[in-house]
Every structure is written in C-alpha cells, then in structure tokens.
Novice: 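Let me give you the structure first, and then I'll get to my questions.
By convention here, the first residue in the shown sequence is residue 1. All values below come from the heavy atoms of this structure, side chains included, with hydrogens, waters and symmetry mates left out.
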Amino acid sequence: MKKKVTPLYILKNLDAIITAATLTICVILVNFNVIMRYVAHHPIQWSEEIVTSLFVWTVFIGSAYAYRMHAHLGVDIVVNHLHGKPKAIVSWIVTIIELAILVMVTIISAEYVYHLLYVRGNFKPAVTDVLRIPKAYTGIAVPIGFGLSTIYSIYFILTDKLHLIKRKAAPEDEDSYKVEGGNF
C-alpha cells in the first residue's frame, strides 16, 4: 500500500527527507569527483567543502531523525535488571539527564553559530576557503539537529512518561520496521 504524500507528511518527515537528500548528494558528488580526478585528471576543487557541509547536515539532522525513531543505541543493562518502582525512577533520572544534556548542547551549538557570524559584536561571518560561503550555513545544522532532538525528547516525556498527549496508533506498514524499547 502506497502512502499518500501530502504537505503534512513531508513536514512530519522533513528530517528524514533532508538526511536522505544530503547523503545522496554527498555520494553523487564524491563519486563524480573521483571520476574527474582519475579519469579526466581534473578534480573538482570545491567538492570537498560542499561534501563536508552536506555531511554535517546528514549527521546532525539524521541524528535527530534516529532519535525520533528510537533508533539510537543505548546501554540499558542496569535498567533491564531493575523491576517496578526502581526501574521507573532510574528511567526518569536518565530521561531528565538526557533532556538537560540536549538543551545544554543545543545552546552551546547555537552560541558557536553566533560566533561564526559575529566577531566582538560586529557582523563579520567566517567564510570557507574555496567558495567563500559563510561557515554558518554548515554550522547551523548542529543546533537544528540538537534542537529537534530536544523537541522530540519533550514530546516523548509528554506522551510516554506523563501521558499528557495521546499518540495516534500508526497503521502497520509492510515497509516499516519496528524498534523495540528504543534500542536495537
């Protein structure tokens, strides 16, 4: 059964779409540059900058997507040996620490991007060596990725822990996979 692609579907899966697009462009550009270097003996000078920027976007937006899908690896050996109330308490502690770290890293990465744009309060963007494009275009992927993960973390707390938001049961899809307990 094919899913209908609507604007809402695209918005809900924008992180996955961006990740797939940036990774695809990276692979195509790297392969094209290899052909140009070894077959035509004329490498593309700017490809490294573009691929590096796209790869940063792939990693950080893809990380947020993986977080949303509960596909990050986790070490839950302690939690799995606990039962009842101790398990719930440790789970809450881990969730709060996780959220605090996500908020902290989002703020730090946003400050980093600010400093890529402003030097001593003056707008003077740092630029790349070959193409001379602002490094902030690459750097902004970091706070966006961590910010999305922070939003997803808050959403999971509201749905899974506090049960303040009810989730719609997703229809089973033959093409999708399930991740049990958030870990592989």
Novice: For a quick test of reading the model, state the closest non-hydrogen atom pair linking T95 to I157 and the distance between them.
Specialist: CG2-CG1, 3.4 Å
Novice: Can you list everything that forms a ring pair (Phe, Tyr, Trp, His ring centres under 6.0 Å) with F123? Sequence neighbours excluded, please.
Specialist: Y118
Novice: Nearest 0.5 Å, please: how far is CD1 in I50 from OG1 in T52?
Specialist: 9.0 Å
Novice: Strictly distance-based, threshold 3.5 Å: is any side-chain N or O of S91 a donor or acceptor partner for the main-chain N or O of K87?
Specialist: no
Novice: When T159 is tested against each of I165, L164, I154 for side-chain contact (heavy atoms from CB on, under 4.5 Å), which residue passes?
Specialist: I165
Novice: Quick one: closest heavy-atom pair of V119 and K124, and the distance?
Specialist: CG2-O, 3.8 Å
Novice: Let me check something: do V56 and Y65 share a hydrophobic cluster, defined by ILVMFWY side-chain heavy atoms less than 4.5 Å apart, either directly or through other members?
Specialist: no
Novice: Keeping to residues at least two apart or across chains, list the ring pair (Phe, Tyr, Trp, His ring centres under 6.0 Å) pairs with something in residues 127-161.
Specialist: F60-F146, Y67-F156, H70-F156
Novice: If hydrophobic clusters are built from ILVMFWY residues whose side chains come within less than 4.5 Å, do I18 and M69 share one?
Specialist: no
Novice: In Å and rounded to the nearest 0.5 Å, what is the NE2 to CE distance from H41 to M36?
Specialist: 11.0 Å
Novice: Got a second to check how far T150's OG1 is from E98's CD, nearest 0.5 Å?
Specialist: 9.5 Å
Novice: For N33 and S47, work out which heavy atoms get closest and say how close.
Specialist: ND2-OG, 2.8 Å
Novice: According to ring pair (Phe, Tyr, Trp, His ring centres under 6.0 Å), does anything in residues 3-38 pair up with another residue at least two apart or in another chain? List the pairs.
Specialist: none
Novice: Report yes or no: do I96 and L162 belong to one cluster of Ile/Leu/Val/Met/Phe/Trp/Tyr joined by side chain heavy-atom distances under 4.5 Å?
Specialist: yes
Novice: Can you give each donor-acceptor pair under 3.5 Å made by side-chain atoms of residues 23-31, sequence neighbours left out, with the distance rounded to 0.1 Å?
Specialist:
from : atom 1 : to  : atom 2 : distance (Å)
T24  : OG1    : A20 : O      : 2.6
N31  : ND2    : V27 : O      : 2.9

Novice: Find the distance between NZ (K12) and CD1 (I17) and round it off to the nearest 0.5 Å.
Specialist: 12.5 Å
Novice: Just how far is it from atom OG of S149 to atom CG of L102, taken to the nearest 0.5 Å?
Specialist: 5.5 Å
Novice: If you define the side chain from C-beta out and look only at heavy atoms, does anything of Q45 sit under 4.5 Å from P43?
Specialist: yes
Novice: State, to 0.1 Å, how close I77 and H81 come at their nearest heavy-atom pair, and which atoms those are.
Specialist: O-CD2, 3.0 Å
Novice: Hey, any chance L54 and V127 share a hydrophobic cluster, counting ILVMFWY side chains that come within less than 4.5 Å of each other, even indirectly?
Specialist: no
Novice: Sequence neighbours left out, what passes ring pair (Phe, Tyr, Trp, His ring centres under 6.0 Å) with F55? Give chain and number order.
Specialist: none
Novice: Could you tell me whether the side chain of E49 and the main chain of T128 form a donor-acceptor pair under 3.5 Å?
Specialist: no
Novice: Do the side chains of W57 and V142 join up, straight or via other hydrophobic residues, at under 4.5 Å, putting them in one cluster?
Specialist: yes
Novice: I61 and T19: which non-hydrogen atoms are nearest, and at how many Å?
Specialist: C-OG1, 3.5 Å
Novice: Looking at every non-hydrogen atom in both residues, tell me the closest pair between P143 and A110 and how far apart they are.
Specialist: CB-N, 3.9 Å
Novice: Checking H72 side chain against A66 main chain: does a donor-acceptor pair fall under 3.5 Å?
Specialist: no
Novice: Hey, does L82 have a side-chain heavy atom less than 4.5 Å from the side chain of I89?
Specialist: no
Novice: Show which residues join V39 in its hydrophobic cluster (side-chain heavy-atom contacts under 4.5 Å, direct or indirect), or state none.
Specialist: I35
Novice: Is the closest side-chain heavy-atom distance between N13 and R68 below 4.5 Å?
Specialist: yes
